[in-house]
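Quick caveat: nothing in here was measured; it's all calculated off a predicted structure.
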Amino acid sequence: MASLFASSHSTKILSSGRQLLPAKSTPVDLVSLQNASRVLFDQITKDAQIIPDIGDTLNTPASASYSVFPDDIRVPYQKRRFVGIPEGLFQYYDSASVTSHMGLMPEIERVWISIDHKLFLWDYNDGQEIASFVDQPDVITHVALVKPKRGLFIEDITSLLVICTPISVLLIGLSVSSRTGQDNRSHNDIKLYATDLSIPSDVEMTSVVGMSDGRIFMCGSQDGNLYELHYQESEGWFGKRVQLINHSVGGMQSLLPRFTASTTEDRIVAIVADTSRNCFYTLTSRNTISIYKPGGDKSLQHIQTLSNLYKSAQDKAPGSAALTPQNFQIISLHVISQAESRSGVQLFATTTNGVRLYFSPSMSYNYSHGSISNASGSRTLQLIHVRLPPSNLIHPDEQANPYRPPVAMYGAPPVAAQPSRPYVVSSIDGSCYIDGLTIAAQQGDTDGTDYILCLAPDLTRIGTLGQLNLPQQPQQQYATGYGSYGGTPSTSRAPLTEYATLLAIPGRTWAMAPVVNSSLGTSSTAPSPSVINELARQFGEPAQQFMVLTNVGLTFLVKRRDVDYLKAVLEELQAEGNVQPIIEFRDSFGRDQTCSMLLGLASGNTYFDSVDGQSAGIISMVNPEIAGVAKQAFYDFGERPIWTERVTYGTAENTGTAIFSGRREGLAIYFSRLIRPFWKSKIAQPSVAGQQQLAVPETLLINVQKNLYALKDFLDKNPHLFHSSPSEPTSSRTTVADQEAWKAEQVSVSEIQALLTRTIEALSFVLLLNDYRLGDLISHCEPETQKLIASQTFEDLITTQNGMTISRALVNVVIDQQIGQQISVDTISEVLQHRCGSFCSTDDVMLYKAKENVRKASETRSTAEREKWLAEALRLFIKGARILEFEKLREICGDFQQLNYAKGAICLPLVCAQLHDPDNAGLEYWHAALPSTDPRRELAEQRLRCYDLVMDSLTTFEGKCTVVKSTIPDNALVSDDPETVRSHAYELAFGSEDEMFHSTLYDWLIERNLADDLLEMRPAFLEAHLRREPITVQKYQLLWQFYVKNGQPLRAAEVLGALAESTQFDLHLDARLEYLTLAVANAKSHPISAGGRHETAIAFLTDLEEKLDVAQVQLEIYNQLLPHVDDAREVGERISLLSKRLFTMTELYQGYAVPFDLPAIKLLCLHVSEHQDESVVKPIWNQIFDEILNESPDVVTQSDLILAKVVQLGQRFYPSESAFPLRLVATLLVRFMLSNKGTVPLGWSPRILVQCGVPFVEVWDVFHEMYESQVPPFNDQANVQAISSEIAVLFSDWLGEAMRPQSSTLRAEFPVGRVDLAVDQYLAELEPSRTETRTTYENVKRQLRRYW
């Protein structure tokens, strides 16, 4: 199973035990990581500035500055190894007259050797392996390796061998395949293919070059003409399959200037290709350089010819002994790549005595001195710099016996003592160049030996490193040097200075070539150091090597880097105790650069000894004694941090900044150089197939990770390196400043160390993802995440929140894949936590294990097992809920719903709701009903999203209950009973103590018409929910019902009263009246003993009753006025207003009864308000009678109308004196009767009052008062007699009522004595003419006698 989780490199990392980090996950402090990242990026930026590129150093017409040292410590190159020509080849030298040639093909790691017609390809890495080609009969004079044209050969053929003989040119296909040998090294196997592409030639070809598009150019040995070997897939109308085109004669003659073309002696002797600029250069025997650019098929454009170069060189370096007509012979041209020179230096030429001529495009299109140009429009090249050869070279014999300058010279610029045998190069016959490094060969002064001139830039002279070259006050100098280091390098650069040395090698030199270092690639977006900035590159790539092929074998020369120089210095210090060399080194390279190299040596690095590639990828350590010396020097040279204060005038506050120690700066420099190749690179990029793939080579990441881990291991074992030394000054002010400085330093160092740990984990994480096919993983992410990944750099992954987001998404995909393949999560999570703990926290692991438990639960058939797995899953989900994303939570709830696990589906979202709002800020927002702009709103919404998941679960369980029982399979588990699950889900939901959730739940239930069920349950937070803003009619209706069911009728009445009187709801008057009626009913049912609120309850009830009475008046007014609602607009609005709210009695009286002139309503208002005021009521009754009298002139009709109206009002209002003042009404009735005597029947007026409900005795009292009053109109005897007649009828009716069975007038209550006396009085005073009245009285008297 382990094989599923580890590729070859991950296995190495896990098994070695060195790359494992503690498996505890600590919170990631992004701010600290970003601070540290800025520090590292500042160093990366500085590295791009401190060393100029080649072009910037050629800032004078000529130069001859060299650093020549007699000691081995500072020699720039050394012989690495020698590989002799295999013995097997010598058997072919079978006669003295064999013709043999040889050359180098570093691209395929082969030496070619021709012996007569036989070609051998010797694998110099393997030592003895030789491939041969003997299938052609002619002597081979030259062989070259070129790129093939696209599409003409099978894919395996990646190169072509161009084989030249005196009479032909032949093409052989070549394929290269890589394999790992027994020494764990990569070896190239080659295979040759016959192509049938050959052509006879009457000129022997040499100096063959190939362009990137497959075109092949060469020159003729005999005629010095420029040729092209053209080949195509098949014969055509206009060309053969293979042909040699002479571009120097014929149709192409015009390409060459006439004076050069006509001079047969000035032959082309060499061609050099510049593939990056798509051009090539030719060199003639008379020091003329021409530039050509391939055009369309078979065409060639001549760009420029540079001649008179000797004169141009003399102008640049007048009077130089190295420039004479006799020794001015150019022997080679070298291309300077575009990456090497921003200013565009393009080419240099080397002469036999070591003069180098540098050419750069001119700033204008004018002819420059010594150049001839056609009008091609290209910028022409011109000579810009003459580099004279070193004049004080030490003879190789002297170099073998070095001596050291006296100690007295300490601190001065390193100047070599005058050698006793200065050597001057004079007959160089070949040279080689790459990235600022040049080697050239000439015959030595003893037979069988060649001398190699080795040149390399002296960075201490051309760079801005904080160097110190003054001996006095070293402490002050360090501070100054440090300060200048931080600034932008000066534009006035120091001119080029180079290290120079001569090395002796065996044999005569045939060819030289740089060893091809397999490029691991770098990020294009990070500022890149110049190619000669060895300081920035020495810990991230192998040392540059050159191969020198001689007739006895192959010598490998290696460039000694600055760190190799430092290592030699440390060895001398350790062996001899000589401190001078390391002091000189520190002064030459500056404190910070020295500390960074010391740290690299002390901690170990994969590139210390990897020049031959055998140890690449393995950490190289210097021996423990040297490592100890390096560590001590790192501590001593690092000095201490300094606090600089800035006083703000006018305030008591001082602010300051720390100037960090060399140790902290060295750490930052070394760390930044390790990560530069990938730091600003995208993590992934599209492949040819379109799928995402790792954007940085895996081997690069593995190597960098090993170096980072070695650094971390060293720092962990030596924590004291960044603590203050015991011998610090002790004055109080200094101590305070020092404490601030040390504090700032330690904070910065701890941030850098945190970034170091995180970076190691990040690389482990990315490599692990690559094992799982990064492209596949990315394609399974959400589209938004995929977009994010495509834009993220390694720095973003390590230091930003987006990085954490995408890492979590990718880990989730990996885990999902494992679970999908039925693989235990434990294995992968263990790997993740061990290798990249901060990218897979304990919480993450818990979530993964929980998910696996859900899977197990879904697969088991046992109820108990399933319950166990689900309970464990829920426990783990709850523990890891803090980092559970909402979409993931939704998915988990869906799983729980599928499995009918109510507890998980309900409890998990509720827990997440609480964890998303740990300080209850969202709850406060909800409680206070704050505006939507409040920042806490987001937290409240997060809670609500979680609650929605609970409702979704409840809905799902409800839905399952509606499924017909018959659809449940026979083998369903008992616990799957939908009704049981549903009930359990509701029980859990109602058991929550989250008030905000309860409120959400209640709303949801009410929306589903389950309010009655809710009222029956009366859960804990229901009352608070119904009282919460925003208040609605529905909530209030439920609230009063809640109180009724809860046995709190008075509170129900209060709610109903508030509802009836509310102005915020659009309630109709009928509804308000209904609520008031219900309120009164509930208030009346309040028990006397409840809560001691009896008096208050009575007052409240009284108030409610009064409001109900007023509301009833309002309804009556509304109903009476409703027919007029469509009259005038103002009238209609006023009438409509009656239906919208409750009015007070005053508002009704003054706003409606009076303006609309409604007498009955006025009386109703007076009646309800019990307002007694005769001046108010009298005009109303007068108006009522007047309106009736005006309605009809007929007295009978009038009397009928009065009867109807007065009886209606009397029955309603009597005995209210406010609305039905009895004496006033009786007076009005009697006045009408008196006015219409004879028409109105006897007893009309008292009978009306009796019908109104006035008791007989009260009617008699009123009429008797009139009878006795003598007040007009009762001062008239006729009117008094009329009143007597009315009283007679009243007595008769009264007596009849008292005698009637089931009468409301009891016989016992009848005032017999009083009536008897009164009858006597009335009879005595009765006019004789009123016989009908008299008869009535007598009849009354007779009955009184009979029954009483």
Side-chain angles (χ1 to χ4, degrees), residues 1195-1196 1198-1215 1220 1222-1234 1236-1269 1274 1278-1348:
V1195 175
V1196 176
Q1198 287 174 350
S1199 66
D1200 290 344
L1201 289 170
I1202 288 170
L1203 169 86
K1205 190 69 174 175
V1206 174
V1207 169
Q1208 177 203 350
L1209 294 173
Q1211 285 178 349
R1212 183 169 191 184
F1213 298 135
Y1214 177 83
F1220 194 81
L1222 182 58
R1223 282 163 180 74
L1224 172 63
V1225 175
T1227 302
L1228 289 170
L1229 289 170
V1230 168
R1231 283 176 187 273
F1232 179 80
M1233 177 270 296
L1234 293 176
N1236 298 288
K1237 292 181 201 144
T1239 309
V1240 176
L1242 290 178
W1244 177 81
S1245 52
R1247 279 176 172 162
I1248 287 175
L1249 291 175
V1250 169
Q1251 281 185 58
C1252 286
V1254 183
F1256 286 95
V1257 65
E1258 287 192 28
V1259 177
W1260 174 38
D1261 287 344
V1262 171
F1263 274 74
H1264 186 70
E1265 281 176 21
M1266 294 178 193
Y1267 182 83
E1268 296 281 7
S1269 69
F1274 306 116
N1279 290 344
V1280 173
Q1281 292 299 311
I1283 288 295
S1284 182
S1285 297
E1286 295 295 297
I1287 291 172
V1289 174
L1290 174 67
F1291 280 173
S1292 176
D1293 290 352
W1294 189 2
L1295 195 62
E1297 181 64 24
M1299 297 298 294
R1300 187 171 61 80
Q1302 291 92 36
S1303 168
S1304 58
T1305 305
L1306 299 176
R1307 287 175 63 182
E1309 292 175 357
F1310 190 81
V1312 180
R1314 197 176 147 217
V1315 171
D1316 188 45
L1317 289 172
V1319 168
D1320 289 343
Q1321 180 192 349
Y1322 296 146
L1323 282 171
E1325 296 172 2
L1326 187 67
E1327 281 184 357
S1329 60
R1330 291 192 171 267
T1331 54
E1332 188 178 344
T1333 303
R1334 180 175 298 281
T1335 305
T1336 305
Y1337 278 136
E1338 287 171 350
N1339 193 27
V1340 168
K1341 200 167 178 66
R1342 196 177 308 115
Q1343 289 192 27
L1344 288 175
R1345 295 283 182 274
R1346 184 185 302 170
Y1347 297 111
W1348 279 278

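Here Ser1284 contributes atom OG and Leu1323 contributes atom CG; the two are 8.0 Å apart, rounded to the nearest 0.5 Å. For the atom pair CZ of Arg1346 and CE of Met1299, the computed distance is 8.5 Å after rounding to the nearest 0.5 Å. The line from CE of Met1233 to OG1 of Thr1239 is 12.0 Å long, rounded to the nearest 0.5 Å. Between the CD atom in Glu1265 and the OG1 atom in Thr1227 there is a gap of 9.0 Å [rounded to 0.5 Å]. Note that NZ of Lys1341 is 14.5 Å distant from OG1 of Thr1336, once rounded to the nearest 0.5 Å.
Residues Ser1285 and Arg1330 approach most closely at OG-NH1, 3.0 Å, considering heavy atoms. Contact between Arg1334 and Leu1326 at its shortest, heavy atoms only, is NH2-O, 3.4 Å.
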Intermediate values then yes/no, side chain to side chain contact (heavy atoms under 4.5 Å, CB included), Tyr1347 and Leu1295: CA-CA 10 Å; Tyr1347 297 111; Leu1295 195 62; over 6 Å; no

How far apart are the C-alpha atoms of Tyr1214 and Leu1249, what are their side-chain angles, what is the distance that settles it, and do they pass the side chain to side chain contact (heavy atoms under 4.5 Å, CB included) test? CA-CA 10 Å; Tyr1214 177 83; Leu1249 291 175; over 6 Å; no

Working for side chain to side chain contact (heavy atoms under 4.5 Å, CB included), residues Asn1279 and Lys1237: CA-CA 9 Å; Asn1279 290 344; Lys1237 292 181 201 144; 2.6 Å; yes

Stepwise salt bridge (Lys or Arg N to Asp or Glu O under 4.0 Å) test for Arg1314 and Asp1320: CA-CA 10 Å; Arg1314 197 176 147 217; Asp1320 289 343; over 6 Å; no

Intermediate values then yes/no, side chain to side chain contact (heavy atoms under 4.5 Å, CB included), Asn1236 and Ser1199: CA-CA 9 Å; Asn1236 298 288; Ser1199 66; over 6 Å; no

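Applying the salt bridge (Lys or Arg N to Asp or Glu O under 4.0 Å) test to Glu1258 and every residue at least two apart in sequence or in another chain returns nothing. Judged as a ring pair (Phe, Tyr, Trp, His ring centres under 6.0 Å), and not counting sequence neighbours, the contacts of Phe1291 are Trp1260. With sequence neighbours excluded, no residue satisfies salt bridge (Lys or Arg N to Asp or Glu O under 4.0 Å) with Arg1231. Not a single ring pair (Phe, Tyr, Trp, His ring centres under 6.0 Å) links Phe1274 to another residue, sequence neighbours left out. Under the salt bridge (Lys or Arg N to Asp or Glu O under 4.0 Å) criterion, Glu1297 pairs with Arg1300, sequence neighbours left out. Residues passing the salt bridge (Lys or Arg N to Asp or Glu O under 4.0 Å) test with Asp1200: none are found, sequence neighbours excluded.
The distance between the ring centers of Tyr1322 and Tyr1267 falls below 6.0 angstrom.
Here the side chains of Leu1209 and Arg1212 are not in contact, with every heavy-atom distance at 4.5 Å or above. Contact annotation: the side chain of Ile1202 approaches that of Trp1244 to within less than 4.5 Å [non-hydrogen atoms, C-beta and beyond]. Side-chain contact between Leu1228 and Phe1232 is absent, with no heavy atoms from C-beta onward closer than 4.5 Å. For the pair Pro1255 and Trp1294, the minimum side-chain heavy-atom distance is 4.5 Å or more. Annotation: side chain of Gln1321 is in contact with side chain of Glu1268 (closest heavy-atom distance under 4.5 Å). Taking 4.5 Å as the limit, some side-chain heavy atom of Phe1263 sits within range of a side-chain heavy atom of Ser1245.
Checked options Leu1222, Ile1287, Leu1290, Asp1293; the residue passing with Val1259 is Leu1290 (criterion: side-chain contact (heavy atoms from CB on, under 4.5 Å)).
No donor-acceptor pair closer than 3.5 Å links the side chain of Asp1316 to the backbone N or O of Val1312. Side-chain atoms of Gln1211 come within 3.5 Å of backbone atoms of Gln1251 as a donor-acceptor pair (strictly under, hydrogens ignored). At least one donor-acceptor pair closer than 3.5 Å links the side chain of Gln1281 to the backbone N or O of Glu1327. Side-chain atoms of Ser1292 do not come within 3.5 Å of backbone N or O of Ala1288 as any donor-acceptor pair.
For Glu1332, the CD atom sits in a loose shell: 12 or fewer heavy atoms of surrounding residues, nucleotides or ligands are nearer than 6.0 Å.
Here Glu1286 does not pair with Arg1247 in a salt bridge; the nearest charged N to carboxylate O distance is not below 4.0 Å.
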